[in-house]
Structures are given as structure tokens and as C-alpha cells.
Amino acid sequence: MRALLASAALLLAGCSQYSLADVGADPQELAWAGANSETGQVRDLQGLENLASSFPDSTSVRLRLLNAQLEAETYEDLLGTLSWLNDRGYVFSSTARAQIPKLVGEEYAERATRLLREPPEPLERSEIVATVPADAGLVESVLMDLLGGSIAVSSVSGKNLWGKGPRGNWSEHTLEGAGNLSGIVYDPGRALVLAASGKIDGSDAGQPYFSGLVGIRFPGDAPRFFPAPVGSNLSDLHRSPDGTIYASDPVGGGIYRLLSGAETIEILVAPGTFRSPQGLVTSDDGKRLYVSDYRYGLAAVDLDSGDVHLVPAKGPFPLDGIDGLWRRGDELIAVQNGTSPMRIVALQLSSDGKSVVGQRNLEVSHHDWTEPLSGYLAPDALYYVGNGQWDRWVAGQTAQDKPFAPTQIRRLPLD
């Protein structure tokens with residue numbers, strides 16, 4: 001335990017080296033337990049303990065368990081949950097840090113206080129490389145042409161793309177008929193920029209929208225549409241080396257793919273398997289697809305069988321709250337905006353790719369962040385949205401007294 005606490009302390013200090021687990025023999029792969037909207041309704045103590053066993057690397061589940069332990073007044077167990085969160089660097093709000101010792105009573109207050117971390121010093125390593133005009137609205141993702149010097153971004157609120165040439169100004173590219181646009185990739189096989197289209201902003205479900213991928217070759221071209229199954233809402237995208245485009249549905253919980261040369265999108269993993277799948281990326285050997293479930297952790301889809309397995313952490317590394325996800329060699333680069341503190345991390349995979357055995361922080365609690373979002377992985381850097389503006393777009397409308405601000409595109413070195 002002392003070694004684990006020391007590792008966690010180093011992580012929160014912003015150490016650029018790995019915190020590595022003491023890895024023994026790897027057990028048999030664990031099947032993904034399944035996590036849908038009903039899973040999110042579990043409130044009883046035993047149910048949450050079972051959920052924590054099924055999803056052992058989720059801070060979200062442990063926080064729900066903590067609330068149940070408070071209500072049941074099982075304070076020794078509550079201290080164990082606080083210790084688990086402390087080991088993984090979780091930081092409660094200042095209000096919660098003040099309230100928790102009072103809620104547990106004098107007998108447990110001092111021990112609880114020792115387990116409540118103060119916010120770490122920020123680790124700031126990125127720089128702004130572009131600023132998207134406020135008129136672009138809620139920008140979700142970035143596509144870089146590093147050789148040509150061009151940038152493209154997707155807008156959820158505007159349902160369009162914005163682009164900038166190496167010496168030009170930003171310009172808007174309307175894709176007539178598109179829904180909320182989020183993930184964006186370039187597909188050289190089709191010579192198209194492809195953007196995911198769906199309804200992911202909580203707007204009126206009765207309004208029609210296109211579900212699938214929308215592609216353009218040049219600004220002003222008529223868009224091409226690649227339909228997905230009815231009712232799906234595609235968001236994050238990944239193009240594998242074999243030309244397959246993978247897409248996650250954070251609303252319905254399924255995973256989809258567009259095969260090379262195909263015109264329609266098919267189901268890879270059935271809706272309801274995940275609660276809110278976000279980032280996804282293929283393994284080095286192309287045999288599995290890593291998927292981040294925002295609430296419950298990391299999973300891997302066997303691309304031959306379709307089976308879904310848990311990707312556990314072999315150490316105190318929280319694996320929920322991951323938005324953007326990419327692979328760089330034997331590391332997964334993850335934007336972890338659903339944890340506290342928010343951070344961008346490199347997760348070291350085991351030699352067989354079936355577990356996470358180490359973590360290093362790349363950036364933590366940047367002062368200019370509102371919410372880091374998705375982006376583009378280059379060989380030596382991550383380009384990402386630094387000031388996500390989901391708080392300014394509520395149920396398909398601009399939030400009252402919160403107009404959109406210009407969006408920062410940041411470059412984060414990976415070494």
C-alpha cells in the first residue's frame with residue numbers, strides 16, 4: 001500500500017515519468033459487464049458494491065458508492081472508498097472537502113480529512129496554435145493537415161465545418177442536411193473529410209436529423225452521406241490502417257463501422273452495451289478496438305468475434321472520464337475530462353495489450369482550460385480543443401448570458 005500511495009503522490013505532483021504497477025501473471029480476460037441507462041439507476045449499497053466489482057477502475061462508480069455509504073452510515077467502508085479515491089489522485093471540491101469530515105462525525109473526521117487531497121499544482125505544457133472564431137460555436141474536434149498547414153474543426157451547434165488554410169482566414173463550410181457534427185477524420189481511400197453526424201446535444205428529439213457520416217472533398221462540394229442505422233447518434237471517429245472507419249454512439253451505447261469501399265454503416269457492438277462510449281482506437285496488431293466508456297472505464301472489442309472485454313488497470317490508475325482516445329505505440333493517449341482533476345495522460349499498455357500497467361501525466365489542470373475535448377494525434381504532439389464550451393449550449397440552445405467565445409486549439413508535446 002505504501003508503494004501505491006507513493007506512486008499516486010508522484011502522479012499528482014506532475015511527474016513526467018511513468019507510475020508503473022507491480023504486474024504479475026495476467027488473469028483470463030474479463031467480459032465487459034454491460035453498462036446502460038439502467039446501470040446508472042443503481043442506488044442500493046449492495047448493487048453499487050457489485051458495480052464497483054464489475055467496473056474496478058471507475059471513480060464515477062466509487063463516488064456513487066460513497067454516497068450510499070454515507071446514507072447507510074457505514075463509515076469504515078466509506079473510509080476505504082476515500083482511500084481508493086485518494087490512491088488514484090481524486091480531488092473533491094472545496095465544499096465537499098469541508099463537508100465530508102462533518103458528515104462522518106468526530107470519530108471518523110480526522111481519518112477522513114487525511115484522505116481528502118488538496119488540488120495539485122497545474123502541469124501546463126501545451127501552447128495555443130490556432131484560435132477558431134466565436135461564430136463557429138461549440139467546436140468539438142480538430143483535424144490537422146500538418147504538411148499543407150490547414151486546419152478543420154467540427155461544430156456541434158452550427159452543424160457545419162470550419163476551415164483555415166496556411167495563410168488564410170477561417171471560413172465556414174455548410175453541410176446541408178447534417179446534424180450535430182463531432183468526430184472528424186480524413187479518409188484517403190475516398191479522398192474525403194468525414195464528420196460524424198447525429199443528435200448529441202439534447203435538443204428536441206422530434207426534430208429530424210441525419211445519422212451517419214458526412215463527407216466533403218473540397219469546400220463548396222455537395223456533401224456525400226453515409227447512413228447509419230436508424231436511431232443511432234455517431235460522435236467520436238477513428239480510421240484504422242485498413243481503411244475501416246469506427247464510430248461510437250454516446251447516446252445509444254453502440255459501436256459502428258464503415259468498411260473500406262462501403263456506402264452504409266453497420267453495427268459492430270449492439271446499442272446498450274456501453275453507457276456512453278467516447279474515444280476509440282485500434283490496437284497495434286489490428287485485432288481489437290479500444291473503447292472508452294465515459295462512466296465505467298476501458299473496454300476492448302475483439303474484431304474477429306465481436307466479444308467485448310474489460311481492460312483493467314494493474315495499478316491505481318482511474319480509467320473512466322476519458323473523452324478523446326488515441327494510440328501511440330504501446331501507449332493510449334487520453335483526454336480525461338471526466339475526472340478531478342482534469343488531465344491528459346499517457347496510459348502504458350501491457351505487452352499483450354489487455355491491461356493498463358502504467359500512467360504518466362502530460363498535462364493537468366491547465367489554467368486556461370474549461371474542458372479539454374477531442375482533437376488530432378500527430379507523431380510528436382496532440383492537437384486538441386482546450387476550452388470546450390458545452391456549458392454554453394444547452395438542449396440545442398445557447399445558454400442564457402453565455403455567448404460562445406473563440407475556441408483555443410492547443411498543441412501538447414507527447415515526449
Side-chain angles (χ1 to χ4, degrees), residues 1 4-5 7-8 11-12 21 30-119 253 272-278 292-299 310-323 334 336-343 355-356 359:
M1 177 61 72
L4 294 182
L5 287 173
S7 295
L11 279 173
L12 267 292
L30 298 175
W32 180 258
N36 52 31
S37 58
E38 293 181 3
T39 315
Q41 301 305 312
V42 176
R43 293 289 183 270
D44 65 288
L45 194 57
Q46 185 60 58
L48 287 168
E49 288 174 351
N50 293 339
L51 207 59
S53 177
S54 296
F55 302 104
D57 308 302
S58 169
T59 60
S60 176
V61 170
R62 298 289 171 154
L63 290 170
R64 289 163 59 188
L65 178 59
L66 185 75
N67 285 328
Q69 291 165 337
L70 268 174
E71 185 175 340
E73 299 183 357
T74 55
Y75 295 139
E76 286 291 346
D77 292 339
L78 180 147
L79 291 176
T81 300
L82 283 181
S83 179
W84 187 96
L85 291 164
N86 178 285
D87 289 347
R88 286 151 184 80
Y90 189 85
V91 177
F92 287 88
S93 69
S94 58
T95 300
R97 293 198 303 274
Q99 287 181 341
I100 289 174
K102 297 177 183 178
L103 292 172
V104 299
E106 291 185 8
E107 182 181 352
Y108 301 93
E110 184 178 347
R111 293 160 66 188
T113 299
R114 289 200 300 266
L115 294 170
L116 297 171
R117 285 175 173 268
E118 294 292 322
T273 302
F274 298 101
R275 177 64 185 95
S276 181
Q278 304 281 335
S292 65
D293 188 300
Y294 199 69
R295 293 301 177 196
Y296 295 109
L298 273 177
L310 179 74
V311 179
K314 303 300 185 181
F317 320 125
L319 298 180
D320 63 322
I322 294 175
D323 190 342
Q336 206 166 20
N337 60 23
T339 59
S340 178
M342 290 188 289
R343 53 195 161 193
S355 61
V356 173
Q359 174 187 292

Self-check item: Pairwise distance CG(L85) to OG1(T59) - rounded to 0.5 angstrom
Solution: 7.0 Å

Quiz item: Sub-3.5 Å donor-acceptor pair from the side chain of D320 to the main-chain atoms of S60, do we have one?
Solution: yes

Exercise. Given side chain to side chain contact (heavy atoms under 4.5 Å, CB included), test I100 with T113 step by step and report yes or no.
Key: CA-CA 8 Å; I100 289 174; T113 299; over 6 Å; no

Quiz prompt | Heavy-atom closest pair, residues P101 and V104 | solution = O-CG2, 3.4 Å

Quiz item: Can you check whether L79's main-chain N or O pairs, donor with acceptor, with S83's side chain at less than 3.5 Å?
Solution: no

Quiz prompt | Interatomic distance, D44 atom CG to Q41 atom CD [nearest 0.5 angstrom] | solution = 12.0 Å

Quiz item: If only atom types and distance count, is the side chain of Q69 paired as donor or acceptor with the main-chain N or O of G80 below 3.5 Å?
Solution: no

Quiz item: Going from CZ on F317 to CG on L298, what distance comes out if it is rounded to the nearest 0.5 angstrom?
Solution: 12.5 Å

Quiz prompt | Test log, rule side chain to side chain contact (heavy atoms under 4.5 Å, CB included), inputs Q278 and I322 | solution = CA-CA 7 Å; Q278 304 281 335; I322 294 175; over 6 Å; no

Quiz item: Do we see a donor-acceptor contact under 3.5 Å between the side chains of N36 and T39?
Solution: yes

Practice problem: Apply the test side chain to side chain contact (heavy atoms under 4.5 Å, CB included) to residues R97 and V91: give CA-CA distance (whole Å), side-chain angles for both, the deciding distance (0.1 Å), then the verdict. | Solution: CA-CA 9 Å; R97 293 198 303 274; V91 177; 3.9 Å; yes

Quiz item: Which value, rounded to the nearest 0.5 Å, describes the distance between E73 atom CD and L103 atom CG?
Solution: 10.5 Å

Quiz item: Under 3.5 Å, is there a donor-acceptor pair between the side chain of R88 and the main chain of W84?
Solution: yes

Quiz item: Is a side-chain N or O of D293 found less than 3.5 angstrom from the main chain of R275, in a donor-acceptor match?
Solution: yes

Quiz item: Is it true that a side-chain atom of S54 and a backbone atom of A33 form a donor plus acceptor pair closer than 3.5 Å?
Solution: no

Self-check item: Distance (rounded to the nearest 0.5 Å) between D323 CG and N337 CG
Solution: 4.5 Å

Practice problem: Say whether, by atom type as modelled, one donor and one acceptor occur between the side chain of D57 and the main chain of L319 under 3.5 angstrom. | Solution: no

Quiz item: Between R64 and V42, is any pair of side-chain heavy atoms under 4.5 Å apart?
Solution: yes

Self-check item: Nearest-0.5 Å distance that lies between atom CG in L115 and atom CD in E110
Solution: 11.0 Å

Self-check item: Shortest non-hydrogen contact between A68 and L45, atoms and distance
Solution: CB-CD1, 3.8 Å

Practice problem: Would you check if the side chain of R117 reaches a backbone N or O of N86 as a donor-acceptor pair within less than 3.5 Å? | Solution: yes

Self-check item: Pairwise side-chain contact, P316 with Q359, heavy-atom cut-off 4.5 Å (strictly under)
Solution: no

Exercise. Answer whether the closest heavy-atom distance between the side chains of L82 and F92 falls below 4.5 Å.
Key: yes

Practice problem: Write down the atom of P277, the atom of G253, and the distance for their closest heavy-atom approach. | Solution: CD-CA, 3.7 Å

Quiz prompt | Check: T339 side chain, P341 main-chain N or O, donor-acceptor pair, under 3.5 Å | solution = yes

Quiz item: Do Q46 and N50 have side-chain atoms, one donor and one acceptor, less than 3.5 Å apart?
Solution: yes

Quiz item: Looking only at heavy atoms, what is the nearest atom pair of G338 and Y294, with distance?
Solution: CA-OH, 3.2 Å

Exercise. Quick one: list whatever passes side-chain contact (heavy atoms from CB on, under 4.5 Å) with A31, sequence neighbours left out.
Key: none

Quiz item: What residues form a salt bridge (Lys or Arg N to Asp or Glu O under 4.0 Å) with E107, not counting sequence neighbours?
Solution: none

Quiz item: Is there a donor-acceptor contact under 3.5 Å from the side chain of R43 to the main chain of G40?
Solution: yes

Quiz item: Taking only residues two or more places apart in sequence or in another chain, which ones pass ring pair (Phe, Tyr, Trp, His ring centres under 6.0 Å) with F55?
Solution: W32, Y296

